[in-house]
Every structure is written in structure tokens, then in C-alpha cells.
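Following: one structure in C-alpha cells, then a few remarks.
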Amino acid sequence: MLAMRVRFAPSPTGNIHIGNIRTAIFNWLAARSCGGEFLLRIEDTDRERSTDEAVQALFGVMEWMGLTFDGEPVYQSAQREAHLTAAESLLEGGHAYRFAKGDGGEATLLRFPWNTAGLPFVVDTESVELELHADEPVCVDQTGVSYSLRTRKGKPAPQQGTLAGFKGLQLYNAAGTLLLGLDDEVGGILDGTVAHEVAGAVRMVFQRREVQFTDLVKGHLSKPLDSMRDQVIVRSDGNPVFHLANVCDDIAMEISHVIRGDDHVENTFRHVFLYASLGAKLPQFAHLPMIVNQQGRPYSKRDGDAYVGDFRAKGYQPDALFNYLTLLGWSPGHDVEYMPRPELIAAFALDRVISSPAQMDFRKLLDFNGRYLADLPFAEFANAAWAAAADEDWAGGEREFFDQVALLLQTRTKLFTDVAGWAPFFVETLTYDEKAVRKHLAKDGVADRLRALAAAFSGLEAFDVAGIESAIHGVTEAAEMKQGKLNQPIRVALTGQSVGAGIYETAALLGRERVLARLEAGIAQAG
RNA sequence: GCCCCUAUCGUCUAGACGGCCUAGGACGCCAGGUUCUCAUCCUGGUAACACCGGUUCGAAUCCGGUUGGGGGUACCA
């Protein structure tokens, strides 16, 4: 088997969201897990909406996520001539025709071939017999067959399908007389010289044909050809449409596996004909389940939700987001979910991707982020925390002291924005959490104990962790309290908060002078 | 309307051959523990096979139907 060549093909029409980047991740993992190549193609043919800023943002996001691509990015807009040339050759080979639909000029349409003998992905299935609505005519021309079924209430329900979907079509009237046999005149219809409008038909019979392909994720898929319509490949204004451009580029880039979102499944039934008409070999297809938002709808650029850049701005670790996203629609098959990138590369396989949509769980992502932060080498953690603190009022103190605080809090940090909560180490005047004050400080006897503690602290020879611990123990023993009962009141007095790092370490780091001042302020709060 | 896909705890998921599933793991939540607290850590608990039929000695697992969800049905990508 040839090496795997995959591509990520976003259109730069806005910020890239979580669904897009997950597609990129799976492509990247598929390639990296088997030594294949991961290419980037920027589908910028929608010139009105494609902006250079969006392209730069795309590069930024990919770099941040560590999604390295091979070779130079391909810009689809630069391939326009190739697309048009392909359309021209399709026209010359009889695989396409020009037709004026509506009031526009002539567009170029791909013709699903009447003769499917050489196409392994089209098979004849059952013979179909349909009751028609007699009031509506059946129209047969080179664009296809249009007819009307009856709804339950007896109203006409218009249908339309490509000519090739109606092999052996026969139309009958109520008396059972054959009104039209398609196969006899298909030649003229195909070249556009003959068209029929048949009135009074109540019954149609034809041989159904199905288009089939095997998806690496979803398995064997099929769709009746009579439910499909001929596909415009070049608009009447002369611009190639997405389907043509996409397939031409994938052929030109020699893509072996097309890995994309579930929303492209239906397109694939049409794309296989394009590959065949262009004389190209079919790639393998893998359609990934959509990632849906809290409302159960797929993320879209229009909703402006869940941009990857937002996660970056909020201080998420790219590796944590990467790891988390990998678990949406895929699982390694064992119980370990926390998998650094090399493990992910080793474990990833397309055949373990599932096919139903997944919803983001931001809490689980946060948990992953906390684990990745805890596992960061300390120097890296401290640098990033320092950078994250730059926007705080208290930023810019001594780096050595900051590092000591960071060391104390690394394992408890879920997100770098949490450093805002480190303020008690860096500011003079505390902001008290009212709830914490009420619960821990404003209780009978607390003020007395804090006074006793202040005295004990003052008498301490060395204001270190061991000394602080024994001083606290001394006070609780004298008050006949349970060990640790005084810790939360002390914490609230020293930090204004009910949560934080170990209290002895916190006190030691704050230093005797500040601790004493805060105890006094705390006593005032305790009233 | 028509076509395609899909359905296990609140969420992400495990569950190749039907019995090892009185359905496992993770997040969340709850409780307890770490002879000092907490957002760390440890232990325990909570909670699911959409519904109805069928096949079978036996079904979350196979088949059919219903319902729900998603996608498509464009001279959008």
C-alpha cells in the first residue's frame, strides 16, 4: 500500500472553530501515525469572504496546536485554470453538458453516466414501481426526470432525479398503455435534442441503481441514483464550484485518504463520479462525526462559538485541547484517556473512530488542562504563569518570589487565568471573600485564637514552615480544638479566600510582618 | 416531502465472534480519607443499554418497525 497522503482543506472565511481543528487533528494523527504526509490546502475561492487575516489566523492556530504540515500550502484560488481545464475536458469527453437553468446563462453540469458498465461503485438493485399524481406531467430531458408522487392527502409531491437513475423507465396511463419507454430514445435525450413532457401517467417503473462506497468510519454506504440530481460544476458566470475544485485538487495533490466532516458524506456520492469521469483513482474516504454545541447543533462559523483562538486566549494548553479533542469521536480502546502526543500518535487509528456526533464538555477539558499544567516542567510553568500575570495590577514584582508562589500552586492551577487568584501574595490590601469571612472568621472565639496565634508567631525564633505549624498546634491545643480546625480561619485572614495552597507554606512565604498585619485585619473582620 | 447517517450514565466513551455485562472507564456531582484546610491527591458512591416487536437456550450486541437527533436535498463551502 502506498504511503498515506492526507490534507486539511479549510476555507479562510472566519475564525477556525473547534470542529474544523478536530478535523485537522484527525488528519494529522492519521498521517503521523503511519509515516504519511499531512498537507494543507486553503480553499480561498470565495474571494469575498476569504481574507488574508483569516489565512494568517489559520497559520497561527495550526502552529499553536502543533499541527505541522508537509510541503507548501496550496491555495485553491491559484488552481482556477486547472479546474476550468478539467471542466473543458469533461465537456469534450461527454461527461458534462452545458445547460441554462432558470434565467442565468449556461452552466456546466456533470452528467451521471447513463452507461455505468465501467463503474464499480454503481450497482443495479431492485426494480421500482411508483404511483404518480396524474394531474402533474412527467418531464424527461437531459437534466433528468421530474415527476410527482401523491402525498397522503392526495397533493402532488414533486420529485426530480438524474436521468441515469431511471434505467429502463416506463410510463403508463390509467388504462395500462405504455406512454414512454426511455431506453429506446435515450440517445436523443442525452444529447439534448429530444425532451418529453408526458401527461396522464399514473405509474412509472424503472430499474433502480445505487451509488456505493465504503467509508473508513461509517462502513458501507449507498444511495439511490434516482434521488440525486446532475451537479453543476461551473457556474454560468464561469466560476468553478466547490465540488469540482475540491476533487481536482485532491487528485492533483495525490490525496490517498479524504478525511473530513460528516457533512460531506452526501457530496461523496457525487464526487465519486467526478473522480471516475476525470479518469482518477478513488481515494479512501473517512467521514468524522460532527462536534455539537450545548444545543446539540454543530459548531459553525456563523454562530461565532468556540473559536480555537478563544481557548488560546483563555490560557488553555494546546496539548490539553489536542488530547481532549482527540477523545471526541475516537477512543484508544483502553481506559487511559490522558495521552500525551507521542502516545496519541502511536495509538491512533481511523478504524476506531465512531460515527455519531459528540458534544463538547468544557469541564472535562478543564480537568485535562489542569493535568497538563501539573505535568509541565516547573520552569515552563513559571514562565507561562509570569506571562499570564502580566495583566494583573500587581504584576512586575520580584521574579524569585513569584516562582516560589508558582511552585506552591502549580498542581492546583487548572488554567493560567487562575493566576489572578494569586493576588494575596502580591498585594498589600486584601479583598475578602464575604462568604468565606462569614463561614470561617465571623465565629465565636475566632478572634481570640487569632490573637493568641499572633502572639505565638511573634515569639517564634524562625518564621518557617515547621515553626508556623507548631505555633498553630500550640494555639489549637490550648483552646482544646481539633487539629486543623483553625486552618480555614487562618487562611481567610491571610488570603481573604477559603481556598489556596497549604497554609503553613502560604504563611512562610508571606513572611512574619505581613502575616501579623493580616491577622490583625482578620481579627477586625472577625469582630 | 424525499434521500443518507445515527441512538449505552447529565457529558465523552468501552462494549470485535450474541453468553466473561447483576454494562467498565473518564469528567461532573455526593460522601469519606490524607492524625492541617482547600481547587491538589487517594478511596468509595451516584447515574445509562430510546421504545416496540422478532430471531435465539441466551441480545446493549443480530433483524424489522416506531420515535428522537444530525446531515443532505443550492449556479454555498
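All heavy atoms count here, side chains included; hydrogens, waters and symmetry mates do not. In what follows, every chain begins at residue 1, and chains take the letters A, B, ... in the order their sequences are listed.
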Across the strands shown, which category fits A:Gly502 at heavy-atom distances under 4.0 angstrom: base, sugar-phosphate, nothing?
-> base
Taking the six-membered ring of A:Phe26 (Phe, Tyr or Trp), confirm whether the NZ or CZ of A:Arg22 is under 6.0 Å from its centre and within 45° of its axis.
-> yes
Are the side chain of A:Arg209 and the backbone of A:Ala164 linked by a donor-acceptor contact shorter than 3.5 Å?
-> yes
Within the 6.0 Å centroid threshold, strictly below: A:Tyr372 and A:Tyr316 | no
Please report, to 0.1 Å, the donor-acceptor pairs under 3.5 Å made by any side chain of residues 105-112 of chain A, with sequence neighbours excluded.
| unit_1 | atom_1 | unit_2 | atom_2 | d |
| --- | --- | --- | --- | --- |
| A:Glu106 | OE1 | A:Arg98 | NE | 3.4 |
| A:Thr108 | OG1 | A:Arg98 | NH1 | 3.3 |
| A:Arg111 | NH1 | A:Leu190 | O | 3.0 |

Establish whether the base of B:C75 is bridged to the side chain of A:Ser236 by a donor-acceptor pair shorter than 3.5 Å.
-> yes
Using a heavy-atom cut-off of under 4.0 Å over every strand shown, decide if A:Leu221 touches base, sugar-phosphate, or nothing.
-> sugar-phosphate
Geometric cation-pi criterion, A:Arg341 with A:Phe322: 6.0 Å, 45° = yes
Check every strand shown and say whether A:Gly296 touches a base, only sugar-phosphate, or nothing at a heavy-atom separation below 4.0 Å.
-> sugar-phosphate
Hey, can you pull the residues of residues 407-419 of chain A with a non-hydrogen atom under 4.0 angstrom from RNA chain B?
-> A:Thr411, A:Arg412
Single hit among A:Phe121, A:Tyr275, A:Phe269 for ring pair (Phe, Tyr, Trp, His ring centres under 6.0 Å) with A:Phe213 = A:Phe269
Would you kindly check whether a donor in the side chain of A:Asn267 faces an acceptor in the base of B:A77, or vice versa, at under 3.5 angstrom?
-> yes
Mind checking the P distance from B:C76 to B:C3? Whole angstroms is fine.
-> 26 Å
Rounding to the closest angstrom, what is the interatomic distance between B:A26 and B:G70 at atom C1'?
-> 25 Å
Give every pair of a protein N or O atom and an N or O atom of nucleotides 22-27 of chain B that lie under 3.5 Å apart, one pair per line with the distance.
| unit_1 | atom_1 | unit_2 | atom_2 | d |
| --- | --- | --- | --- | --- |
| B:G25 | O2' | A:Asp335 | O | 3.3 |
| B:G25 | N2 | A:Glu337 | OE2 | 2.8 |
| B:A26 | O2' | A:Glu337 | OE1 | 2.8 |
| B:A26 | O2' | A:Lys364 | NZ | 3.3 |
| B:A26 | N3 | A:Lys364 | NZ | 2.9 |
| B:C27 | O2' | A:Lys364 | N | 3.1 |

In whole angstrom, give me the gap between the P atoms of B:A50 and B:A31.
-> 31 Å
Interatomic distance at P, B:C62 relative to B:G15, whole Å = 13 Å
Kindly point out which of B:C36, B:A77, B:G71 is positioned nearest to the side chain of A:Glu266?
-> B:G71
How far does the C1' atom of B:C12 sit from the matching atom of B:C17, given to the nearest Å?
-> 27 Å
A:Leu327 near the nucleic acid: base, sugar-phosphate alone, or nothing, with a heavy-atom cut-off under 4.0 Å?
-> sugar-phosphate
Which part of the nucleic acid, if any, lies within contact of A:Thr108, taking any heavy atom under 4.0 Å across all strands shown: a base, the sugar-phosphate backbone alone, or nothing?
-> nothing
